[in-house]
Amino acid sequence: GLIRSQSNYFLSKYQRVLETKNGYRNGGYIGPPGLAQLRLKLTDPGNMSFGLVAQKDPGEQYLQPEIPVPDFFAGHFYMQDLGPIKQLAVGDYKLQFGQGLILGSGFLTGKNSQVIRAVKQSTLGVLPYSSVTEYDFFRGAATNVSIGKHLNVTAFISTRNLDATLHQDSLDSYVTSIRKTGLHRTPSELNGKNAMHEIVAGGQIGYSGKHFNVGVLTANTFYQHPLQPKSTRYNQAHFRGQVLNNFSVYADLNLQNVTLFTELAKSIQGGVGGVAGTIIGLGPKVDFSLLARHYDKNFYSMYGRSFSEQSSSRNESGVYWGLELRPARQVALSMYFDFYKLPWLSSRLLAPTSGKEIFLRANVQLSPSSKMYFQVKRDVQEQQKSGAILPDGVQVVLWKSIFNIDYNLDTPFELRTRVQYNLSGFEDNSSSVLLYQDIRFSVRKWELNSRFILFDDPSNLTRQYTYERDMLFSFNTQSFA
């Protein structure tokens with residue numbers, strides 16, 4: 001049952017940086033410097049779940065000074081496979097349909113070492129939300145219902161307040177930007193908290209056959225105040241208005257070792273977006289993937305998360321292909337090539353531009369208890385010259401390489417050694433290097449992790465990033481520059 005399930009957990013976390021940041025020295029941050037977090041989830045796998053999360057970010061004040069009440073709360077009740085009800089969520093939830101053009105959720109990593117699987121997303125439908133990220137989720141109710149053997153229908157509605165920069169006077173009120181950080185540390189950030197109400201409603205109709213799935217989808221967003229971003233040269237095509245209506249059609253086909261997939265979407269107040277791709281098993285030792293994408297400069301998708309070079313799926317066309325080879329039992333080689341164009345101005349360059357990216361990786365199983373890999377990525381793009389007012393681009397070539405080895409000493413100790421090296425040719429040739437050593441000690445249910453890091457990184461362009469172990473269900477990526 002839900003209460004006695006072995007999948008249940010309760011987590012409490014407190015974290016703070018020992019050094020005092022400038023925001024606390026000069027009085028800019030109004031709250032204490034610690035991060036406080038609580039997570040509770042009761043799960044009956046395959047049937048239902050109940051979850052609550054609460055978080056206070058560093059620098060935020062508690063809602064009640066005398067009682068430590070966090071700044072952010074989220075919760076859900078979720079059921080699945082209850083007769084014709086395949087999925088039902090009340091509270092906070094997320095949605096994933098097609099290739100994520102208008103409704104995409106989850107942790108989309110984009111281009112990465114999984115060169116085959118990175119191109120395709122799956123229709124997961126309605127999912128419970130249990131993250132501490134204070135944006136990119138829905139709050140209300142959603143359900144997916146089966147009608148017969150092949151047909152399913154989804155309906156959802158969400159109503160919640162968003163953080164925003166609100167401009168008001170006696171004649172007009174509008175929002176210049178929606179704030180997605182979830183931070184409320186300063187008077188200015190507090191003024192934007194819950195400044196605008198949002199309603200999102202829509203639905204989906206899907207048909208599932210033996211080898212294929214098709215569906216139609218709509219998402220309609222209504223804002224309390226119109227969005228009117230401050231005008232810059234590159235954001236002329238950004239969404240402006242109070243209502244956004246999106247529609248899409250998606251499909252995928254599976255035939256033995258060939259998978260085909262696509263989604264085409266339209267913003268009624270703007271342009272179109274689309275992706276189409278395939279994954280092919282060319283033999284027991286070779287896999288191939290191909291993806292083509294196009295997003296108009298005025299394709300608007302507030303809750304979409306699809307394959308893209310940029311953080312948002314707009315103003316981009318590109319072709320990606322990936323290849324994975326397994327020439328020997330202990331060796332795997334993977335590579336991808338991505339070529340893209342940004343047909344309109346962007347924050348990167350005040351003119352249309354293009355770029356290309358090449359990635360190579362070799363994985364070697366040295367022994368049953370040790371493995372290593374080496375990877376290198378070459379990224380070529382154009383950047384605006386520092387201080388240039390007119391469109392004036394210069395080609396930037398950025399190399400990123402990693403050598404990593406993991407080994408288990410057949411003892412409670414596990415070791416990882418990694419060297420990362422970046423090289424850039426933008427305006428001045430700069431490079432950075434990072435070396436770390438991980439030591440993990442585990443006995444029964446107890447585990448101790450430690451890391452020693454050395455780095456030299458004089459430039460933001462060659463900034464180093466590493467993933468660090470954190471508490472269960474927490475992700476922590478640190479940057480060094």
Side-chain angles (χ1 to χ4, degrees), residues 1-3 5 7-11 37-55 70 72-108 121-147 151-162 180 182 194 197-208 213 215-222 246 248 250 301-306 472-473:
L2 184 65
I3 302 299
S5 171
S7 300
N8 297 344
Y9 62 82
F10 173 76
L11 297 175
Q37 185 183 110
L38 297 173
R39 292 173 181 259
L40 169 68
K41 192 169 185 181
L42 308 178
T43 304
D44 182 8
N47 294 309
M48 66 180 68
S49 70
F50 170 82
L52 289 172
V53 298
Q55 176 171 283
F72 171 73
F73 290 90
H76 74 267
F77 178 73
Y78 182 75
M79 301 181 67
Q80 58 182 332
D81 296 329
L82 185 66
I85 300 177
K86 294 178 62 179
Q87 298 166 316
L88 171 66
V90 179
D92 298 328
Y93 62 92
K94 52 188 178 179
L95 301 167
Q96 171 66 52
F97 291 98
Q99 298 307 306
L101 265 71
I102 64 174
L103 289 176
S105 63
F107 188 64
L108 178 64
Q121 299 190 58
S122 300
T123 294
L124 304 177
V126 182
L127 299 171
Y129 186 80
S130 54
S131 172
V132 292
T133 302
E134 300 181 29
Y135 189 75
D136 277 343
F137 68 93
F138 299 100
R139 176 164 288 172
T143 186
N144 178 270
V145 179
S146 294
I147 302 177
L151 196 65
N152 67 88
V153 177
T154 302
F156 67 91
I157 186 167
S158 170
T159 173
R160 68 189 188 99
N161 293 320
L162 303 179
K180 302 181 181 181
N194 298 331
H197 192 71
E198 175 202 61
I199 296 175
V200 185
Q204 170 261 3
I205 300 175
Y207 184 90
S208 300
N213 298 284
V216 294
L217 182 65
T218 179
N220 306 279
T221 305
F222 307 90
N246 284 335
S248 81
Y250 64 88
S301 179
M302 300 305 181
Y303 288 95
R305 191 174 296 180
S306 56
L472 191 64
F473 308 117

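Residue indices begin at 1 and follow the sequence shown.
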Please report the shortest heavy-atom distance between [X] and [Y], naming the atom on each side.
X	Y	value
Val132	Phe72	O-CE2, 3.9 Å
Val53	Ser130	CG1-O, 3.6 Å
Ser306	Leu101	CB-CD1, 3.8 Å
Ile102	Ala219	CD1-N, 4.3 Å

Taking ring-ring contact (aromatic ring centres under 6.0 Å, His included) as the test, write out the residues that go with Phe138, two or more places apart.
->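 For Phe138 the ring-ring contact (aromatic ring centres under 6.0 Å, His included) partners, ignoring immediate neighbours, are Tyr93, Phe156, Tyr303.
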
Partners passing ring-ring contact (aromatic ring centres under 6.0 Å, His included) against Tyr9 (at least two apart in sequence or in another chain) |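 Counting only residues at least two positions away or on another chain, Tyr9 forms a ring-ring contact (aromatic ring centres under 6.0 Å, His included) with Phe473.
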
Can you list, pair by pair, the side-chain donor-acceptor contacts under 3.5 Å of residues 40-52, counting residues two or more places apart and other chains?
from, atom 1, to, atom 2, distance (Å)
Asp44, OD2, Asn47, ND2, 3.2
Ser49, OG, His76, NE2, 3.1

How would you list, by chain and number, every residue that makes a side-chain contact (heavy atoms from CB on, under 4.5 Å) with Phe73, sequence neighbours excluded?
->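 Phe73 satisfies side-chain contact (heavy atoms from CB on, under 4.5 Å) with Ala54, Leu63, Val69, Pro70 only.
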
Tell me, please, which residues at least two apart from Ser131 pass side-chain contact (heavy atoms from CB on, under 4.5 Å).
->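 Once residues adjacent in sequence are excluded, the partners of Ser131 under the side-chain contact (heavy atoms from CB on, under 4.5 Å) criterion are Tyr129, Thr133.
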
Arg305, Lys180, Lys94 screened by salt bridge (Lys or Arg N to Asp or Glu O under 4.0 Å) with Asp136, the one that passes |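 With Asp136 as partner, salt bridge (Lys or Arg N to Asp or Glu O under 4.0 Å) holds for just one option, Arg305.
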
Apply side chain to side chain donor-acceptor pair (under 3.5 Å) to [X] and list each qualifying residue two or more places apart in sequence or on a separate chain.
X	answer
Thr218	Asn220
Asp92	Arg139
Thr123	none
Asn161	His197

Flag side-chain contact, heavy atom, 4.5 Å: Leu88 against Leu82 =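 The answer is no; the side chains never approach within 4.5 Å.
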
